[in-house]
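Read the structure below first, then the notes.
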Protein chains: 2
Amino acid sequence: MSSVSIKDIARVAKVSHSTVSRALHNSPLVRRETAERIRRIAEEMGYRPSAVARSLVTRKTKTIGVVVTTIADPFIAEVVSGIEEVANDHGYSVFLANSNADPDREIKVVHSFHERRVDGILVTASRVGALYMDHLSEMKVPIVLINNQHPGEFVHSVMIDNVTASRAATDHLIQLGHRRIAYIGDQFGYQSDTERFAGYRQALERAGLTFQPELVVHGDGKPEEGMRAMERLLALSPPPTAVFCYNDMTALGALRVIRMRGLHVPEDISLVGFDDLFIASYTEPPLTTIRQPKRQMGRRAMELLLQLLRGENSQQTIWMQGELIIRHSTAPPR
Amino acid sequence: MSSVSIKDIARVAKVSHSTVSRALHNSPLVRRETAERIRRIAEEMGYRPSAVARSLVTRKTKTIGVVVTTIADPFIAEVVSGIEEVANDHGYSVFLANSNADPDREIKVVHSFHERRVDGILVTASRVGALYMDHLSEMKVPIVLINNQHPGEFVHSVMIDNVTASRAATDHLIQLGHRRIAYIGDQFGYQSDTERFAGYRQALERAGLTFQPELVVHGDGKPEEGMRAMERLLALSPPPTAVFCYNDMTALGALRVIRMRGLHVPEDISLVGFDDLFIASYTEPPLTTIRQPKRQMGRRAMELLLQLLRGENSQQTIWMQGELIIRHSTAPPR
DNA sequence: TCATAGGCTGCACACGTTTTCAAAAGCTGG
DNA sequence: CCAGCTTTTGAAAACGTGTGCAGCCTATGA
């Protein structure tokens, strides 16, 4: 190891380690020349202060914990990228932990963050279990949730306005002239699914279209189930002329089975996604979707956390708006 | 804050804090009943040991630093996911930092890791600057590189065998009967590009095909430049009947312009990618590509690092093999 | 009953900082 | 030349944990 400490510097500079500490902090308490001399020596000796020793006395680690279901999810990765950006800009380092949506692991993660004495926590998991939540709040540290279920139970979070966005997506289809519009949801019971479904229904109602339960099927947010769901829709007679999908991944699956059936998007069926993942603009045809400001959401969440860390009490939840991105997977029905 | 310490427990248990420390470590030095009593009290008081205090005395933080260009890159995210998995299983927490390939930021990151006294470092950046490297090795901590340039200058790394894999990809095209096979590379000068190009040339040579410089163009590993590159290839007369792309992202761009020209994959042009990103199986047609065992590479890298942390000196670089995944973007030429 | 060994426990120091408090040194004005 | 003030420095405690060492207690055997 052999890392040099403040005392080592003190020894060669022939001052006390207190003076060294002050010199390195540009404290006005130490004579200018001495300070410069000390700083020079520190530089020469390749000194790097120990954050761990500092943390012990200041009781701040300048560290935050980020828990995600899996960083391999492109949506989450983008959010985390935004988080990390502003965290780093403010001198915070981020601990990353995957929970894999496994309750045991979630608890392990929270404990590890607790023991590491992180200053704050950011959570972007699709749902947080009640138990998990208890462990979280037990550690008296600011917590900010991103797109989480049951935000009300937590104090702070940044959320996408699912209802408005899905209404916009559905409206778009209605305005193109579609009347038989299906919805492929996420697993039943998930809050974001419920909200997106609500937006879909609202749009239908406002347009005077009667809601038809047969046009609503559920996937699990991944392409495979999106395929299954789409197959069920295509088995209907007549099949829908447009489909609004819970997310882009689901749309990807839907798109594939539509093509496998020899049908065309958007000529035979219009398709709308949600998220605007990178791939959405590279599908064939490029996918009309709702853009979530992913990186921005990460940034805002971290900024909110910073406010809390500064002791400022700020708004409870920040609402972000999705944006309808019209590409080429939607067109008027035949 | 009000977090309870070992001394608080000692007070209520009416023992010294040393005894508490030993009891919590299941040390045989403390009487069984006392130990149990202490552990019960600790439990009741909601005690969580402070990793920072412990680190200070043990001089180990059980922490590793992972530096990536950007976690938003799906390839990298998958690798990191593997890293985090085994790190967590072994009680290590991971600090994640994006360098954005910005030299200043790279240096900042390394300094921050140094100050945090991470036990080891994992780097998965496309290239590490020389300067950056100096800073890295300055801190006398085990470092493992993943798919990095100039691995020779570092001691330990895990690498994909680019040459063999690209040769396999190109062979596949040759065996289908293609004779006019193009290569769209990454930015010129990158080692991975050089290696993949080498594999391509080797395959050509072994098949007795003469190498034609006009069939080699460069992108930047992203779809946009892949499009430009493909346009240049389509301007050739005759254009190639098959294209091997540096990576899937590039292939994505190529695929798009091929379609925009009214041509079809694989009927008019065969296309091969590299990486096997998730999207590769959801393009139209699904993309033939070389699978890199991304998560596995992350796991192996972390395992290697763990060995080094245990003081075992192990092999210098671990070579991983890519796997040719044949989907539907390749077929015999017309 | 006493010496002794072995099982438990506490004392004290260390880790590398920050920070309070006291004291030394330097300066000013009379 | 000295009182009193300001500037600069050092000593010491604290943060929470781990651990070597000394010493206490108890049981055992003579």
Side-chain angles (χ1 to χ4, degrees), chain A residues 1-39 41-42 45-63 91 111-112 114-119 139-140, chain B residues 1-39 41-42 45-63 91 112 114-119 139:
Chain A
M1 206 66 71
S2 85
S3 93
V4 345
S5 85
I6 223 180
K7 292 186 184 172
D8 298 323
I9 300 177
R11 203 170 306 121
V12 341
K14 299 204 193 311
V15 292
S16 74
H17 75 274
S18 331
T19 308
V20 176
S21 173
R22 283 188 275 251
L24 296 176
H25 282 73
N26 297 318
S27 158
L29 285 180
V30 43
R31 194 159 50 128
R32 198 155 153 184
E33 308 142 42
T34 335
E36 279 167 6
R37 189 168 57 90
I38 290 175
R39 281 195 287 268
I41 293 178
M45 297 179 69
Y47 171 73
R48 286 285 143 201
S50 161
V52 6
R54 175 181 296 151
S55 299
L56 189 56
V57 36
T58 62
R59 312 180 69 81
K60 299 237 167 304
T61 55
K62 291 286 250 173
T63 273
H111 283 177
S112 114
H114 193 170
E115 299 192 351
R116 298 231 121 92
R117 301 293 192 263
V118 297
D119 291 339
M139 50 189 292
K140 309 291 184 204
Chain B
M1 207 67 68
S2 84
S3 90
V4 346
S5 83
I6 223 178
K7 293 185 184 173
D8 299 322
I9 300 176
R11 204 170 305 121
V12 341
K14 300 205 195 309
V15 291
S16 75
H17 77 274
S18 331
T19 306
V20 176
S21 172
R22 283 189 274 252
L24 296 176
H25 282 72
N26 297 317
S27 158
L29 285 180
V30 42
R31 195 159 49 130
R32 196 152 152 190
E33 308 141 43
T34 333
E36 278 167 7
R37 188 168 57 91
I38 290 176
R39 280 195 287 268
I41 294 178
M45 297 178 71
Y47 171 74
R48 286 286 143 200
S50 161
V52 5
R54 174 182 296 152
S55 299
L56 189 56
V57 36
T58 63
R59 313 180 68 79
K60 299 239 169 300
T61 55
K62 291 286 251 171
T63 273
S112 112
H114 193 169
E115 300 191 350
R116 300 229 121 94
R117 301 292 192 264
V118 297
D119 291 339
M139 50 189 291

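In what follows, chains are A, B, ... by sequence order, proteins preceding strands, each numbered from 1.
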Do the charged groups of A/Glu36 and A/Arg32 touch, with an N to O distance under 4.0 Å?
yes
D/dG10 C1' sits how many Å from A/Ile38 CD1, rounded?
12 Å
Output the rounded distance in Å from CZ (B/Arg11) to P (D/dT17).
12 Å
With the side chain of A/Ile6 defined as its heavy atoms from C-beta on, choose the nearest nucleotide among D/dT17, C/dT18, C/dC11.
C/dT18
What is the separation between atom CD on B/Glu33 and atom C1' on C/dG7, rounded to the nearest whole Å?
12 Å
Just how far, in rounded Å, is P of C/dC8 from NE2 of B/His17?
20 Å
Record whether the side chain of B/His25 comes under 3.5 Å of the base of D/dT17 through a donor-acceptor pair of N or O atoms.
no
Scan A/Ser5 against the nucleic acid and name what it touches under 4.0 Å (heavy atoms): base, sugar-phosphate only, or nothing.
sugar-phosphate
From the candidates D/dG16, C/dC11, C/dT19, the one with an atom nearest any side-chain atom of A/Arg59 is D/dG16
Verdict with reasoning, A/Arg39 to A/Leu24, per side chain to side chain contact (heavy atoms under 4.5 Å, CB included)
CA-CA 6 Å; A/Arg39 281 195 287 268; A/Leu24 296 176; 4.1 Å; yes
Please determine, for the side chain of B/Leu56, which listed nucleotide (C/dC15, C/dT17, C/dG10) has the closest atom?
C/dC15
Would you indicate which nucleotide in C/dT9, D/dT9, D/dG16 comes nearest to any side-chain atom of B/Lys7?
D/dG16
From the list C/dT19, D/dC21, D/dG16, which nucleotide is the closest neighbour of the side chain of B/Arg22?
D/dC21
What does B/Val52 touch in the nucleic acid at a heavy-atom separation under 4.0 angstrom: a base, only the sugar-phosphate, or nothing?
nothing
Could you check if a side-chain atom of B/Arg116 sits within less than 4.5 angstrom of a side-chain atom of B/Thr61, using non-hydrogen atoms only?
no
Go through D/dT8, C/dT9, C/dG16 for me and flag the one nearest to the A/Ser50 side chain.
C/dG16
Between the main-chain N or O of B/Ala51 and the side-chain N or O of A/Arg117, is there a donor-acceptor pair closer than 3.5 Å?
no
Is it true that the side chains of B/Ser21 and B/Ser18 contain a donor and an acceptor less than 3.5 Å apart?
no
Of all the nucleotides listed (C/dT17, C/dG10, D/dT17), which has the minimum atom distance to the side chain of A/Arg54?
C/dT17
Reading DNA chain D from 5' onward, which residue's closest nucleotide shows up sooner: A/Leu29 or B/Val57?
A/Leu29
Round to the nearest Å and state the distance from A/Lys14 atom NZ to D/dT8 atom C1'.
19 Å
Nearest-neighbour nucleotide for the A/Ser18 side chain, C/dG16, D/dG10, D/dT17 considered:
D/dG10
Reckon B/Thr34 touches a base, only the sugar-phosphate, or nothing at all at heavy-atom distances under 4.0 Å?
sugar-phosphate
Are any non-hydrogen side-chain atoms of B/Ile6 and B/Tyr47 less than 4.5 angstrom apart?
yes
Looking at D/dT9, I'd like to know if its phosphate oxygens (OP1 or OP2) sit under 4.0 Å from a side-chain N or O belonging to A/Ser16.
no
Please report the distance, rounded to the nearest Å, between CZ in B/Arg31 and C1' in C/dG6.
14 Å
So does B/Ser21 reach the base of D/dT17 with its side chain, donor to acceptor, closer than 3.5 Å?
no
Can you tell me whether the side chain of A/Thr58 and the base of D/dC15 have a donor-acceptor pair closer than 3.5 Å?
no
